[in-house]
Amino acid sequence: MTDQQLLRYSRQIMLNEVDIEGQQRLLDGHALIIGAGGLGSPVALYLAAAGVGRLTIADDDLVEVSNLQRQIAHGESDLGVNKAESAAASARALNPGCRITAIDHRLEAEALRAVVSEADVVLDCTDRFSSRYAINQACVTAGVPLVSGAAIRFGGQLAVFDGADADSPCYACLYPPDDQGDEALSCAESGVIAPLVGIIGSFQALEAVKLLTGAGQPHQGLSTFDGLSGEWRHFRVPKDPGCAVCSSEAS
């Protein structure tokens with residue numbers, strides 16, 4: 001670690017749970033962020049600022065004016081630009097020392113599995129059930145921890161699925177595919193209050209930093225946030241022994 005890096009990350013290094021060893025793990029780490037919208041924006045910016053050495057940001061969408069209310073990685077000058085490229089540029093401006101790759105097309109099938117297998121942690125910042133199930137399957141197959149977030153209207157939620165923990169469920173344990181429609185509610189259809197995505201996205205970034213550094217204990221279960229009351233609730237999520245994705249029968 002250089003003197004400049006020691007100075008840049010000094011406020012994290014002074015934390016006993018992180019120290020120089022933990023900061024070095026961040027610098028050596030690789031986070032894959034899928035979705036560069038409301039959730040992906042704070043995730044990308046905070047992980048770059050925290051010193052994650054390698055970020056891969058994937059999104060096939062373009063920046064629109066209605067995004068600017070909450071997607072803080074983008075500005076008016078980015079209108080019409082691919083979101084992954086725009087978020088990557090914003091993250092590089094925060095930390096030029098972070099190696100950032102932008103993927104401007106939808107990751108599917110083998111391409112998704114290949115990119116996931118190269119990461120140390122995956123952050124699902126999408127808003128479609130079909131995407132979430134595909135990302136979850138790829139993470140289970142590759143044994144890569146998944147930090148999943150969602151935000152709509154005034155409500156948000158977060159869950160961490162870590163295959164290194166034999167008792168950890170996967171996303172399909174929490175939301176069995178047969179119980180869901182193909183697509184989740186979108187902000188365009190239902191609306192979302194601007195700071196909510198920042199709260200959930202920052203929570204996702206924190207969990208990714210913990211996973212990469214080894215600080216504390218990864219989040220377990222499901223946390224939900226009601227922005228109208230300001231209340232958090234936490235639910236235990238057991239592993240489903242009959243899960244079609246992560247059960248012993250599935251493997």
Side-chain angles (χ1 to χ4, degrees), residues 31-50 52 55-64 66-75 78 82-91 94 100 102-104 106-107 112 115-116 119 121-136 138-139 145-161 171 174-175 183-212 218-219 222-227 232:
L32 169 61
I33 304 164
I34 305 180
L39 297 174
S41 288
V43 165
L45 297 179
Y46 268 118
L47 292 187
V52 176
L55 296 179
T56 298
I57 306 172
D59 199 312
D60 66 341
D61 202 4
L62 305 180
V63 179
E64 300 178 359
S66 61
N67 302 147
L68 303 183
Q69 162 253 7
R70 65 198 178 281
Q71 299 182 16
I72 59 172
H74 316 302
D78 300 311
N82 171 262
K83 288 184 181 180
E85 296 284 359
S86 173
S90 296
L94 271 178
I100 304 175
I103 298 176
D104 63 1
R106 185 175 297 241
L107 290 171
L112 173 61
V115 175
V116 166
V121 61
V122 175
L123 297 104
D124 182 351
C125 302
T126 65
D127 62 359
R128 300 172 181 269
F129 277 116
S130 55
S131 298
R132 292 171 182 171
Y133 289 129
I135 294 166
N136 176 69
C139 287
L146 170 63
V147 183
S148 177
I152 199 77
R153 302 190 184 100
F154 281 88
Q157 64 181 45
L158 176 136
V160 177
F161 308 104
Y171 186 83
L174 177 61
Y175 295 113
E183 303 302 333
L185 289 172
S186 70
C187 296
E189 296 169 341
S190 304
V192 62
I193 196 70
L196 176 68
V197 292
I199 293 170
I200 302 301
S202 296
F203 196 172
Q204 287 183 271
L206 173 62
E207 289 302 315
V209 167
K210 287 163 55 183
L211 286 163
L212 291 171
H219 179 275
L222 172 70
S223 284
T224 63
F225 178 68
D226 182 344
W232 286 95

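A quick note: this is a predicted structure, and the numbers were derived from the prediction, not measured.
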Note, [X] side chain near [Y] side chain (heavy atom, < 4.5 Å):
| X | Y | answer |
| --- | --- | --- |
| Ile34 | Cys125 | no |
| Trp232 | Thr224 | no |
| Asn82 | Asp61 | no |
| Arg70 | Pro195 | no |
| Val115 | Val122 | no |
| His74 | Ser90 | no |
| Pro145 | Phe161 | no |
| Leu158 | Gln204 | yes |

Are Lys83 and Asp59 within salt-bridge range, i.e. N to O under 4.0 Å?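 So Lys83 does not pair with Asp59 through a salt bridge.
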[X] to [Y] - nearest heavy-atom pair and separation:
| X | Y | result |
| --- | --- | --- |
| Ala87 | Ala36 | CB-CB, 4.0 Å |
| Asp124 | Arg132 | OD2-CG, 3.1 Å |
| Leu32 | Ala119 | CB-CB, 3.8 Å |
| Leu196 | Gly155 | CD2-O, 3.2 Å |
| Ala151 | Leu39 | CB-CD2, 4.3 Å |
| Tyr171 | Asn136 | N-OD1, 2.9 Å |

With a 6.0 Å cut-off (strictly less than), is the heavy-atom count around OH of Tyr46, excluding the residue itself, greater than 12?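 No, because the 6.0 Å sphere around OH of Tyr46 holds 12 heavy atoms or fewer from other groups.
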Reported [atom1]-to-[atom2] distance for the pair [X] and [Y], which is rounded to 0.5 angstrom:
| X | Y | atom1 | atom2 | result |
| --- | --- | --- | --- | --- |
| Ser131 | Arg106 | OG | CZ | 5.0 Å |
| Ile199 | Ile193 | CD1 | CD1 | 10.0 Å |
| Ile200 | Ser148 | CD1 | OG | 10.5 Å |

Only one of Leu123, Ile100, Ile103 clears side-chain contact (heavy atoms from CB on, under 4.5 Å) with Ile33; which?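 Going through the options one by one, the only one that passes is Leu123.
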Candidate list Leu211, Val116, Ile135, test side-chain contact (heavy atoms from CB on, under 4.5 Å), partner Leu146, passing option: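 Exactly one candidate clears the test, Ile135.
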Classify the ring geometry between Tyr133 and Phe129 as parallel (under 30°), tilted (30 to 60°) or perpendicular (over 60°).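 Ring orientation of Tyr133 relative to Phe129: parallel.
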According to the interplanar angle, ranging from 0 to 90°, do the rings of His219 and Phe203 count as parallel (below 30°), tilted (30 to 60°) or perpendicular (above 60°)?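 Rings of His219 and Phe203: perpendicular, over 60°.
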Apply side chain to side chain contact (heavy atoms under 4.5 Å, CB included) to residues Asp60 and Asp104 and explain how you reach the verdict. CA-CA 5 Å; Asp60 66 341; Asp104 63 1; over 6 Å; no
